[in-house]
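Worksheet for the structure shown next.
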There are 2 protein chains.
Amino acid sequence: MAVTISDVAHAAGVSKGAVSYALNGQPGVSDATRGRILQVAKELGWKPSLRAKGLSSAKAYALGLVVARDPKLLGTDPFFPAFIAGIEITLAEHDYTLVLSVATAPGAEERAYRKLADGGRVDGVILTDVRHNDSRIGLLRELKLPAVTLNRPDADSPFPAVSMDDTDGITAAVEHLIALGHVRIGHVGGAQEYIHGRSRRRAWESAMARAGLAADLFAEADFTAPGGVAATAELLRRPDRPTAIVYANDLMATSGQSFAQSQGLSVPGDLSVTGYDNAEFTQYLNPPLTTIATDPMRWGRVAAQALLDQLNGTHSGEDTDLPAPTLLVRASTGPAPSRTIKQATK
Amino acid sequence: MAVTISDVAHAAGVSKGAVSYALNGQPGVSDATRGRILQVAKELGWKPSLRAKGLSSAKAYALGLVVARDPKLLGTDPFFPAFIAGIEITLAEHDYTLVLSVATAPGAEERAYRKLADGGRVDGVILTDVRHNDSRIGLLRELKLPAVTLNRPDADSPFPAVSMDDTDGITAAVEHLIALGHVRIGHVGGAQEYIHGRSRRRAWESAMARAGLAADLFAEADFTAPGGVAATAELLRRPDRPTAIVYANDLMATSGQSFAQSQGLSVPGDLSVTGYDNAEFTQYLNPPLTTIATDPMRWGRVAAQALLDQLNGTHSGEDTDLPAPTLLVRASTGPAPSRTIKQATK
DNA sequence: AGGCTCTACTAAACCGGTTCAGTTGGTAGA
DNA sequence: TCTACCAACTGAACCGGTTTAGTAGAGCCT
């Protein structure tokens with residue numbers, strides 16, 4: 001329908017091949033001819049057909065991202081939109097596009113990867129939310145789909161990783177609380193199925209151990225708000241209940257803080273709380289949340305670049321380490337209560 | 001690299017054409033032959049190449065969505081992730097994929113649409129965040145790119161719209177506040193450049209007029225949290241400051257409520273507050289936010305279906321109306337204060 | 001002058017599908 | 001028995017690029 005390479009060739013009085021060489025900056029045409037062809041192409045408003053290009057060069061000029069989340073969780077996590085924006089910044093510079101799949105139903109995730117791979121819709125994918133012994137590693141290997149993972153999987157993975165350490169942030173949070181005099185510091189973890197759920201828990205354990213404190217106040221949740229409530233309730237029910245809780249993400253911290261307040265506890269008077277992610281709304285909570293400020297946009301930018309490098313063979317093969325996120329102290333953390341612990345009112 | 005239609009044809013002892021007919025359910029092959037071909041194709045693990053299919057049938061089998069937002073705002077709006085999930089649900093049923101573009105820099109938006117159109121990367125796009133006299137309508141017309149708009153643009157648009165009325169929700173919020181005895185009900189609007197910013201403002205004005213109340217407590221903001229703070233500050237500075245504020249979205253309501261509290265006002269004792277969207281975190285605010293519960297996922301599902309219908313010519317050409325979102329009363333709204341107005345403490 | 005190499009280009013094959021124009025064989029109708 | 005027609009299939013063109021093999025002509029060397 002639009003103007004094709006043949007039209008340009010005809011108008012410039014050369015063959016299709018010459019036009020292709022000229023437009024791709026390849027040798028095989030004189031500078032004079034190249035200039036004329038480019039001129040004609042511009043005049044005719046020629047735009048290369050991605051489809052034709054893809055067919056002959058066996059590339060899709062697209063990267064894939066499969067997000068497997070509960071729809072409820074999707075709208076709340078501030079990570080993805082910023083992360084995707086970062087990916088786009090990189091892709092826009094390379095005439096690639098992003099194909100996004102959202103898998104909400106169980107089993108839909110594997111189907112989504114297969115769909116992207118089978119038809120050759122994408123040239124590679126970015127793997128987020130890496131899980132313990134993640135089955136997707138094997139799947140992608142089987143599908144022969146190049147990939148980049150966010151953080152290094154605990155299972156053997158042939159794919160380069162782009163990592164943002166979460167140890168430092170959690171450690172800083174725990175040390176901040178210890179400096180405030182807290183001793184019984186609990187941790188509400190994300191699903192331990194995720195490696196970032198695990199690493200944050202381990203970071204909390206290590207920091208506690210280094211300070212000679214017992215890391216026994218742990219409750220596992222699932223990164224969701226209701227999960228945060230349940231886990232917080234569990235910790236507060238303990239006879240030796242914590243005076244501070246380090247949450248594995250902002251959403252759980254938000255709902256946990258809200259729950260504690262509804263039980264008559266003052267934050268941070270009776271309970272200090274820290275989050276993770278620095279979602280924008282956390283600064284408008286009452287009190288504003290002490291949290292750990294990550295940079296998802298940068299993560300997206302770098303991950304996309306690593307994948308592109310891998311596709312054109314210029315990737316070093318080594319993992320990339322991003323600067324660790326830092327602690328952002330706000331008003332949800334304060335000195336440990338000096339009085340004897342009083343049970344939370346039921 | 002993979003198995004092609006020629007491989008299947010050879011293995012089944014027929015021509016490429018016959019295989020194509022068989023696999024697409026077209027007439028021209030006997031049932032016996034068709035069965036044999038399908039059998040062979042399955043055995044060989046044949047998957048059609050999207051690229052080849054796209055080239056010969058002049059389709060991309062993909063829909064586009066361009067999101068033009070400030071990166072800061074992106075992470076906070078609960079609308080998009082759920083909306084995109086809805087789109088995916090529909091697309092997954094039709095072997096289409098979603099190409100997502102995020103345009104953060106000014107001017108990037110138009111480039112993004114051109115990029116999607118030029119190479120033939122997508123067969124159509126969904127237009128969100130429709131603006132007053134939206135220039136994208138003309139652009140898409142020029143690019144000959146089929147589209148569906150979310151809500152009907154105020155400028156002349158040839159594209160079908162999928163609408164979710166926001167009048168009812170805002171009206172319900174205002175009436176709820178009036179029933180609680182409020183008289184001075186303000187409105188913090190979103191950017192009036194957006195048609196949903198305008199329609200929410202008009203809905204507030206109409207509801208006030210119907211109750212015989214003056215609609216003079218308006219402050220325009222931009223749907224962002226800092227904007228909500230500024231607009232709230234402006235309204236509270238007025239001598240006849242409002243006892244209730246209807247916000248055009250949750251993010252502004254959240255930051256506005258937080259700001260009012262920081263000024264020593266009690267919510268809802270001194271000031272009642274309503275939001276719009278029902279972002280999950282709003283139920284964990286202190287107090288939980290009265291807001292309007294929309295259904296972005298359904299919107300995405302229906303919009304994608306409308307676009308697909310349009311592409312294969314089965315669209316009626318009429319706009320689709322979705323059920324209006326409803327008011328969700330929580331604790332941020334309460335009876336109007338009976339005492340004389342005291343100035344907010346500075 | 002003949003042979004050689006190099007540049008600049010053309011013609012055609014190719015990617016993997018769809019689709020159109022024929023071809024074949026069988027059956028029905030006269 | 002001859003024609004007409006139809007179902008079932010084949011071969012080739014086609015989509016719009018890339019890429020390979022081949023060629024014409026210029027320039028250089030001996």
Side-chain angles (χ1 to χ4, degrees), chain A residues 1-38 40-41 44-62 95-96 117-123 311-312, chain B residues 1-38 40-41 44-62 95-96 117-123 311-312:
Chain A
M1 58 178 79
V3 32
T4 75
I5 206 171
S6 299
D7 300 332
V8 177
H10 186 250
V14 294
S15 68
K16 279 172 61 180
V19 176
S20 178
Y21 291 142
L23 292 161
N24 294 311
Q26 294 201 10
V29 277
S30 66
D31 287 351
T33 309
R34 183 187 305 272
R36 186 160 44 91
I37 291 174
L38 291 175
V40 169
L44 265 50
W46 176 79
K47 296 284 158 51
S49 156
L50 241 278
R51 296 198 270 265
K53 228 173 144 140
L55 179 57
S56 54
S57 62
K59 285 199 244 171
Y61 299 98
D95 268 311
Y96 262 69
D118 282 344
R121 282 178 197 263
V122 299
D123 298 322
L311 291 177
N312 63 24
Chain B
M1 55 180 79
V3 31
T4 75
I5 206 172
S6 299
D7 300 333
V8 176
H10 186 251
V14 293
S15 68
K16 279 170 62 178
V19 176
S20 178
Y21 292 140
L23 292 162
N24 294 311
Q26 294 202 12
V29 278
S30 67
D31 286 352
T33 310
R34 183 186 306 272
R36 186 160 42 90
I37 292 174
L38 291 175
V40 170
L44 264 50
W46 175 80
K47 296 284 158 52
S49 155
L50 240 279
R51 296 199 269 265
K53 227 173 145 143
L55 180 58
S56 55
S57 61
K59 285 200 244 171
Y61 300 98
D95 267 311
Y96 262 68
D118 283 343
R121 282 178 196 264
V122 300
D123 297 323
L311 290 177
N312 64 23

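Chain letters run A, B, ... following the sequence lines, proteins first and then strands; every chain starts at 1.
Between B:Tyr61 and B:Leu50, the closest side-chain pair of non-hydrogen atoms falls below 4.5 Å. For the pair A:Trp46/A:Ile37, no side-chain contact is recorded, criterion being any heavy-atom separation below 4.5 Å from C-beta on.
A sub-4.0 Å separation between OP1 or OP2 of C:dG16 and a side-chain N or O of B:Ser6 is absent. Here A:Trp46 reaches the OP1 or OP2 of D:dG17: one of its side-chain N or O atoms lies under 4.0 Å away. Between B:Gln26 and C:dT18, a side-chain N or O to OP1/OP2 separation shorter than 4.0 Å is absent.
Between A:Leu55 atom CG and D:dG17 atom C1' there is a gap of 8 Å when expressed in whole angstrom units. Rounded to whole Å, atom P of D:dG11 lies 15 Å from atom CD1 of B:Ile5. D:dC15 atom P lies 10 Å from atom CG of A:Asp7, rounded to whole Å. Between B:Asn24 atom CG and C:dG16 atom P there is a gap of 17 Å when expressed in whole angstrom units. Regarding B:His10, its NE2 atom lies at a distance of 12 Å from the P atom of D:dG11, rounded to whole Å. When the C1' atom of C:dG17 is taken as reference, atom CG of B:Leu50 falls 11 Å away, rounded to whole Å. In this entry the distance linking NZ of A:Lys59 with P of D:dG17 reads 16 Å, nearest Å. Straight-line distance from the NZ atom of B:Lys16 to the P atom of D:dA13: 12 Å, rounded to whole Å.
Residue side chain B:Lys53 does not reach the base of C:dG16 through any donor-acceptor N/O pair under 3.5 Å, judged by distance alone.
A distance-only check finds no donor-acceptor pair linking the side chain of B:Ser20 to the backbone of B:Lys16 [under 3.5 Å]. Under the 3.5 Å distance criterion, the side-chain polar atoms of B:Asp7 are left unmatched by any main-chain donor or acceptor of B:Val3. The backbone N or O of A:Ala62 lies less than 3.5 Å from no partner atom in the side chain of A:Arg121, so there is not a single donor-acceptor pair. Using modelled atom types, no side-chain atom of B:Thr33 and backbone atom of B:Val29 make a donor-acceptor pair closer than 3.5 Å. A donor-acceptor pair under 3.5 Å is formed between the side chain of B:Asp123 and the backbone N or O of B:Ala60.
Annotation for A:Ala12 and A:Val40: closest pair CB-CG2, 4.1 Å, computed over non-hydrogen atoms. Scanning both residues, B:Leu44 and B:Ala11, for their nearest heavy atoms gives CD2-CB, 4.0 Å.
If one axis is set at each end of the helix from C:dA1-D:dT30 to C:dA30-D:dT1 from five pairs, those axes are 60° apart, to 10°.
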Detail all sub-3.5 Å separations between protein N/O atoms and N/O atoms belonging to nucleotides 7-9 of chain D.
{"from": "D:dC9", "atom 1": "OP1", "to": "B:Thr33", "atom 2": "OG1", "distance (Å)": "2.4"}
{"from": "D:dC9", "atom 1": "OP2", "to": "B:Ser30", "atom 2": "N", "distance (Å)": "2.5"}
{"from": "D:dC9", "atom 1": "OP2", "to": "B:Ser30", "atom 2": "OG", "distance (Å)": "3.3"}
{"from": "D:dC9", "atom 1": "OP2", "to": "B:Thr33", "atom 2": "OG1", "distance (Å)": "3.3"}

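Checking C:dG16, D:dG17, C:dT19 against every side-chain atom of B:Ser20, the shortest atom distance belongs to C:dT19.
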